[in-house]
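Just so it is clear, the values below take in all heavy atoms, side chains as well, and ignore hydrogens, waters and symmetry mates. Treat the numbers as computed from the prediction; the structure is a model and nothing was measured.
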Amino acid sequence: MLLIASSMEIRPDLIHSRTEAVRLRLLQHPIYQRVDRPAAIRTFLESHVFAVWDFMSLLKRLQRDLTCVKLPWMPVGDPEVRFLINEIVCGEESDLGPDGERFSHFELYHRAMREAGADTSAIDAFLNSIQAGDSPESALARPGLPAGVRPFTGFTLKLACTGQLHETAAAFTYGREDVIPEMFLPLVNTLVASGHSQFGLLRYYLERHIALDGGHHGQLARRMMDRLCGEDPQKWDEAANAATAAIEERIRLWDAILAALPPTR
């Protein structure tokens, strides 16, 4: 009976109770009211783009371990989980842009930054460093990164590379997919109210994520978590801890961006 009770306390339908307080802090963060002018939006984009990029490392870790991505191909794991993760990868890595072209969400965001007049030099230099053979750790140590990016992206990459699979999946599901719709909605409302045409692609990106993560992708991710943790109370406990840590890292990133925003009038 003790094992059953422990399991029931941390079943997927109750995992939000373990993250409720920190999730509320994230969704009530003052940054959403401060990112209200073109200069502030551009500052936000120049830091947040790193979170858009490192999200794919969480996703690719899941794809690597939950499907077969090496030769010769062999069936791996649970077919239902394979379907779930491949469905999410397809949407994140090759979604439709507003003009019908295919883009990864990172590429779409990068394009939205250019349209908005945001500076892409920091993320470009970071990615060029990795493509030139530097480790992500070395690239993160280079000067010129926006405040808060180094610890946030370092946490994400460490979890993606060394975390247990269900911990990585929990950060992905509850630390990213689950909170994104409520996180992005205030920003969309700001863009709509501003009427600035230079943020059209950014608005499309945000609205696309609200639709996908609030519906299809979020549901798929939660089903994946149920398959990975099952009735194992320890896995659900570790998953809850990983999700909480991921949200706390996001709050620290928001704190850093808030401090870097241009002063209000």
(message) My understanding is that only residues two or more places apart in sequence, or in another chain, count here; which of them pass side chain to side chain donor-acceptor pair (under 3.5 Å) with His105?
(response) Glu92, Asp95, His209
(request) For residues Val89 and Lys60, determine if any side-chain heavy atom of one lies less than 4.5 Å from a side-chain heavy atom of the other. (result) yes
(request) Using only heavy-atom distances, determine whether the side chains of Tyr109 and Trp53 contain a donor-acceptor pair under 3.5 Å. (result) no
(request) Among Val188, Val52, Ile210, find the residue that satisfies the side-chain contact (heavy atoms from CB on, under 4.5 Å) test when tested with Tyr205. (result) Val52
(message) Please determine whether residues Leu159 and Met225 belong to a single hydrophobic cluster, defined as Ile, Leu, Val, Met, Phe, Trp and Tyr linked transitively by side-chain heavy-atom distances below 4.5 Å.
(response) no
(message) Walk me through whether Ile251 and Leu26 qualify under side chain to side chain contact (heavy atoms under 4.5 Å, CB included).
(response) CA-CA 6 Å; Ile251 291 171; Leu26 174 64; 3.9 Å; yes
(message) Applying a strict under-4.5 Å side-chain criterion to I, L, V, M, F, W and Y, I'd like to know whether Phe126 and Met56 cluster together.
(response) no
(message) Assigning hydrophobic clusters by single linkage (Ile, Leu, Val, Met, Phe, Trp, Tyr; side-chain heavy-atom cutoff under 4.5 Å), is Ile180 placed with Leu253?
(response) yes
(request) Can you measure from CD (Glu137) to CG (Leu157) and round to the nearest 0.5 angstrom? (result) 7.0 Å
(message) In the structure I gave you, are the side-chain heavy atoms of Gln234 and Asp237 within less than 4.5 Å of one another anywhere?
(response) no
(message) Please determine whether side chain to side chain contact (heavy atoms under 4.5 Å, CB included) holds for the pair Glu101 and Leu96, giving the CA-CA distance in whole Å, both sets of side-chain angles, and the decisive distance to 0.1 Å.
(response) CA-CA 6 Å; Glu101 292 183 68; Leu96 284 173; over 6 Å; no
(request) Take Arg208 and Leu108, measure what side chain to side chain contact (heavy atoms under 4.5 Å, CB included) needs, and give me the verdict at the end. (result) CA-CA 11 Å; Arg208 186 70 175 146; Leu108 181 62; 5.7 Å; no
(message) Tell me the closest heavy-atom pair linking Pro262 and Thr43, and the distance in Å.
(response) CD-OG1, 3.7 Å
(message) Evaluate Glu238 against Lys235 for salt bridge (Lys or Arg N to Asp or Glu O under 4.0 Å), listing each step before the verdict.
(response) CA-CA 5 Å; Glu238 292 166 346; Lys235 285 186 176 180; over 6 Å; no
(message) Taking the side chain as everything from C-beta on, heavy atoms only, tell me whether Phe44 gets closer than 4.5 Å to Ile31.
(response) yes
(request) To the nearest 0.5 Å, tell me how far Asp178 CG sits from Met183 CE. (result) 10.5 Å
(request) May I ask you to decide if the ring planes of Phe184 and His48 are parallel, tilted or perpendicular, using 30° and 60° as cut-offs? (result) perpendicular
(request) Kindly compute the distance separating CZ (Phe83) from CD1 (Ile88), expressed to the nearest 0.5 Å. (result) 9.5 Å
(message) According to ring-ring contact (aromatic ring centres under 6.0 Å, His included), does anything in residues 132-169 pair up with another residue at least two apart or in another chain? List the pairs.
(response) none
(request) Taking the side chain as every heavy atom from C-beta outward, state whether Tyr174 and Thr19 have any atom pair closer than 4.5 Å. (result) no
(message) Per the salt bridge (Lys or Arg N to Asp or Glu O under 4.0 Å) rule, what does the pair list look like for residues 38-59, sequence neighbours excluded?
(response) Asp54-Arg176
(message) Could you tell me if the side chain of Leu66 sits less than 4.5 Å from the side chain of Leu165, heavy atoms only?
(response) yes
(message) Tell me which pairs pass salt bridge (Lys or Arg N to Asp or Glu O under 4.0 Å) where either residue lies in residues 182-204, with sequence neighbours left out.
(response) Arg23-Glu182, Arg203-Glu207
(request) Report the C-alpha distance between Ile85 and Leu59 in whole Å, list the side-chain angles of each, state the deciding distance to 0.1 Å, and finish with yes or no for side chain to side chain contact (heavy atoms under 4.5 Å, CB included). (result) CA-CA 8 Å; Ile85 200 66; Leu59 180 55; 3.8 Å; yes
(request) Measure the shortest side-chain to side-chain distance between Val35 and Thr190 over non-hydrogen atoms and say whether it is less than 4.5 angstrom. (result) no
Using residues 140-149 as the side-chain source, report each donor-acceptor pair under 3.5 Å to any protein atom, sequence neighbours left out, with the distance given to one decimal.
none

(message) Quick check: do Leu62 and Met224 have side-chain heavy atoms less than 4.5 Å from each other?
(response) yes
(message) Nearest 0.5 angstrom please: Gln28 CD to Gln33 CD, how far?
(response) 9.5 Å
(message) Is any side-chain heavy atom of Phe106 closer than 4.5 Å to one of Leu127?
(response) yes
(message) Tell me whether Trp236 contacts the main-chain N or O of Asp226 through its side chain, where contact means a donor paired with an acceptor under 3.5 Å.
(response) no
(request) Would you give the length of the straight line joining atom CZ of Arg34 to atom NE2 of His29, rounded to the nearest 0.5 angstrom? (result) 11.0 Å
(request) Please name all residues satisfying side chain to side chain donor-acceptor pair (under 3.5 Å) with Glu80, sequence neighbours left out, ordered by chain then number. (result) Arg223
